[in-house]
Amino acid sequence: MAIASINPATGITLQVFDELSDAALEDCLAQAAARFDQYRHTSFEQRAHWLTLTAEVLEGNKQHYGQLITAEMGKPLAAAISEVEKSAWVCRFYADHGAEFLAHRAVLTDASHSFVCYQPLGPILAVMPWNFPFWQVFRFAAPALMAGNVGLLKHASNVPQCALAIEAIFANAGFPPGVFQTLLIGAARVANVVADDRIKAATLTGSEAAGASLAAACGHQIKKTVLELGGTDPFIVMPSADLEAAVSSAATARMLNNGQSCIAAKRFLIHEAIVEAFLQGLKHQLMALQVGDPMVETTTLGPLATPRIVRDLVDQVQACLHLGAIALLGGDVLSFKAQLPPALQGGNWFPPTILTQIPAGTPADHEEFFGPVALVFAVKDLDQAIQIANSTPLGLGASGWSQDPDEQQRLTQELDAGAVFINSLVKSDPRLPFGGIKRSGYGRELGQEGIHEFVNIKTVWIK
Ligand code: NAP
């Protein structure tokens, strides 16, 4: 199978790569295992030094890497450059704090001395998505490498140039060969890699179907997994909220990354007393987006990453409209595309869209809409908002807007999600754990919790 880089703004193929042969894949696995035996004995100080150099390589070339991200998956260039900067931040974060997070922890028992220590597991497979093609990889790799593991990346098949660039970044920063390798392989070969004895654990960020498939393969082998899957994140606004701030954040939270973020706000649950004002404000914000070539500095909304994502979104929006929902804005791909310049006609475009008055029984009840579509529901009170928020099978993030301390308390305690942000959109931060519950996955990345996922938490008892 060929792995291709295709510009999503134009549909033009940029570069095509051959998949790794079985022999080349075997070399990578052998190199990872051999390297781990040496790398695990390097000091925290040495690993922190390499991670700091990694951050410097990223920062020193952020324009170049940003252009690579935009060319392959279509997010606006400024956002792509920010992603490279954030990737540098996570490297520095674990360089600065990894040793402290992994220090021996003494525990008082009836032994003369007992403690917990954290040891690396070995080669870890990371199956990663295209939507944050740098950030997702670095937030796995920085803690994993700091802990003494070695990494193997199976990146999404539409971002091979990013995948190869990341492998080169670690090498240029001085990490020894084999500490971080990119495997250009399709999804169909992941189960075989997982079955290999040399792979000790795996992590996947992506869809539920892919997560279930990887977890099943790992389950057969009794191997640890971390899964970061989709979200249908609620964004709840109560009458006491600062409405202007809520509307502005709602637009950002939904349209970030051209609407293709797992923690994008997807369902807006707005108190009925303010829903009309919210809708008008949101419409105004979305109409002000500059849609176009994501390489152009002023563009704020680019294309979707692949034709399949456009097709899926069209089906979901059509199903909602068919059952009675109203498109307050957008919804019609063909007329939107017709207004774009000829050079962009071959791209994967979807208009900024607001759906309201969505009846029960549509895909909006339980599916993730992975694109620039805001689903707005009026709610009569906080009870109903929390009930609808918790009614989906996913539980990644949630955002609640209220100035009332009692409402804030209820939102933080009663929403079923891996993170609740009050009066802010949901965002990832190297200092805080990140992950979901229910079908959004399990395990955590980032923070102190993230570096403890791929280590042997060893108990030591000395009498
Ligand atoms: P996807 O199809 O699941 O792809 C993600 C990765 O999994 C790719 O590398 C893909 O490889 C691989 N893959 C697909 N099927 C697989 C299988 N059966 N076995 C093993 N690997 C498999 O995901 P997507 O739809 O492109 O990405 C968007 C999804 O990711 C959304 O649901 C989004 O919410 C989620 N996401 C979650 C987080 C989080 O932190 N929770 C962050 C970002 C994105 P190929 O490209 O070769 O198919």
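Note that the structure is predicted; figures quoted are calculated from it, not measured. Both counts, for ligands and for their atoms, begin at 1 and track the order of listing.
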Give yes if a backbone or side-chain nitrogen or oxygen of [X] is under 3.5 Å from a nitrogen or oxygen of ligand 1, and no if not.
X	answer
Thr205	no
Ser261	no
Leu396	no
Arg139	yes
Gly186	no
Lys266	no

Record the part of [X] in heavy-atom contact with ligand 1 below 4.0 Å; permitted values are side chain, backbone, both and neither.
X	value
Val190	side chain
Ser213	side chain
His155	backbone

Identity of the nearest option to [atom], non-hydrogen atoms only, from [options]:
atom	options	answer
atom 27 (O) of ligand 1	Phe132, Trp130, Trp135	Trp130
atom 44 (C) of ligand 1	Leu153, Asn131, Asp312, Val159	Asn131
atom 11 (O) of ligand 1	Glu445, Arg189, Lys154	Lys154

- Message: Check Glu26 with Arg198, please: is the shortest side-chain N to carboxylate O separation under 4.0 Å?
- Response: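 Glu26 and Arg198: salt-bridged.
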
- Query: With the threshold set at 4.0 Å, does a side-chain nitrogen-carboxylate oxygen contact exist between Asp312 and Arg308?
  - Reply: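 Yes, charged N to carboxylate O under 4.0 Å.
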
- Query: Ser157 heavy atoms, cut-off 4.0 Å: which ligand 1 atoms fall inside?
  - Reply: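 Counting from 1, the qualifying ligand atoms are 45 (P), 46 (O), 47 (O).
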
- Proximal ligand 1 atoms for Arg308, defined as those under 4.0 Å from one of its heavy atoms: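 In order of numbering, the contacting atoms are 25 (O).
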
- Is it true that atom CD of Glu100 has more than 12 heavy atoms of other residues, nucleotides or ligands lying nearer than 6.0 Å?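 Yes, CD of Glu100 has more than 12 neighbouring heavy atoms, counting only those of other groups under 6.0 Å.
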
- Within the 6.0 Å centroid threshold, strictly below: Phe170 and Phe138: yes

- Query: Between the main-chain N or O of Gly450 and the side-chain N or O of Glu445, is there a donor-acceptor pair closer than 3.5 Å?
  - Reply: no

- Message: Tell me whether ligand 1 is touched by Leu214 - counting only heavy atoms on the residue side and a distance under 4.0 Å.
- Response: no

- Message: Checking side-chain polar atoms at under 3.5 Å, does Arg139 have a donor or acceptor matched by the opposite partner on Gln136?
- Response: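 A donor-acceptor contact under 3.5 Å links the two side chains.
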
- Any side-chain donor near an acceptor of the partner, Trp135 and Ser428, under 3.5 Å: yes

- How close do Val426 and Ala398 get, heavy atom to heavy atom, and via which atoms? CG2-O, 3.4 Å

